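Bear in mind that the values here come from a model prediction, so they are computed numbers and not experimental data. Throughout, a chain's letter reflects where its sequence line sits, starting with A, and its residues are numbered from 1.
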Amino acid sequence: QKEVEQNSGPLSVPEGAIASLNCTYSDRGSQSFFWYRQYSGKSPELIMFIYSNGDKEDGRFTAQLNKASQYVSLLIRDSQPSDSATYLCAVFTTSGTYKYIFGTGTRLKVLA
Amino acid sequence: SAVISQKPSRDICQRGTSLTIQCQVDSQVTMMFWYRQQPGQSLTLIATANQGSEATYESGFVIDKFPISRPNLTFSTLTVSNMSPEDSSIYLCSGRGGQNYEQYFGPGTRLTVT
């Protein structure tokens, strides 16, 4: 059973701080990794994807991938109250049927 | 990025009836998926919609209950058949495409079965 695991939270950080969200996955053959943000009552919104080991930065967001440790993380710098949402980690697997496997999500609260 | 629309956005249906949800993508996508999401829960994949052939269903989901069509690379439908209150949920379609094969979601269909 391929799995993606996240801490459900809530993760509370003060405004302006760095929020660190973590995700582990079980399928070593996974090639691509995604972070989605989901506000209550809305559909998931893609905010970052990463394919190679290392860091990838986009504005206030940095995705980090370590395939050897099967670990993906998302850092949000200068956190804002508007960043308060659930963050979903997803892994695209090509082992067997091609599909995305989602974690259960981490709820982030940024305190003003 | 792909823009995905779904119809209807919400519906209230009677037990035993069926509802067909439409999903339209503004560009061709290689793969389309249908998910279900209960309030406060993560996404559950129902099936992968395959163009021109039968959908690939996940464990616990069957074609008789959730028939899916995908006549071309930009459109798919999901039917929720013989509905019961347990089918009340948000149904999301998604498409995988773009330069980096990202997955984008439609706005969802909120279904309530009474």
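A continuous path of hydrophobic side-chain contacts links A:F34 to B:F33 [ILVMFWY only; heavy atoms under 4.5 Å]. In terms of hydrophobic clustering, with Ile, Leu, Val, Met, Phe, Trp and Tyr side chains grouped at heavy-atom distances under 4.5 Å, A:L46 and A:L75 are assigned to different clusters. Under the 4.5 Å side-chain contact rule for hydrophobic residues, B:F61 and A:F102 do not share a cluster. In terms of hydrophobic clustering, with Ile, Leu, Val, Met, Phe, Trp and Tyr side chains grouped at heavy-atom distances under 4.5 Å, A:V72 and A:L88 are assigned to different clusters. Clustering ILVMFWY residues whenever any of their side-chain heavy atoms sit less than 4.5 angstrom apart, transitively, puts B:I68 in the very cluster that holds B:L19.
If you tally non-hydrogen atom pairs under 4.5 Å between each of A:P44, A:G105, A:S40 and chain B, the highest count goes to A:P44. Put simply, of B:R110, B:E102, B:Q103, the one with the most heavy-atom pairs under 4.5 Å next to chain A is B:Q103.
Counting non-hydrogen atoms of neighbouring residues, nucleotides and ligands closer than 6.0 angstrom, the NZ atom of A:K109 reaches no more than 12 such neighbours. Counting heavy-atom neighbours within 6.0 Å of B:I63 CD1, excluding the residue itself, gives a total above 12.
Taking every heavy atom of both residues into account, A:S43 and B:P107 meet most closely at OG-CA, 3.8 Å.
Remark: A:Q38 CD to B:L43 CG distance equals 6.0 Å, nearest 0.5 Å. Taking CE from B:M31 and OG1 from A:T97, the interatomic distance works out to 8.0 Å, rounded to the nearest 0.5 Å. Separation of atoms CZ (B:F105) and NZ (A:K42) is listed at 16.0 Å; rounding is to 0.5 Å.
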Problem - Derivation of the side-chain contact (heavy atoms from CB on, under 4.5 Å) call for A:Y100 and B:L45 - result: CA-CA 8 Å; A:Y100 296 84; B:L45 180 63; over 6 Å; no
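Between the side chain of A:T104 and the backbone N or O of B:S42, no donor-acceptor pair lies under 3.5 Å.
For a residue to count as touching a neighbouring chain, one of its non-hydrogen atoms must lie under 4.5 Å from one of that chain's; by this rule A:E45 does not touch chain B.
Geometrically, B:R96 does not engage A:Y98 in a cation-pi contact defined by less than 6.0 Å to the ring centre and at most 45° from the axis.
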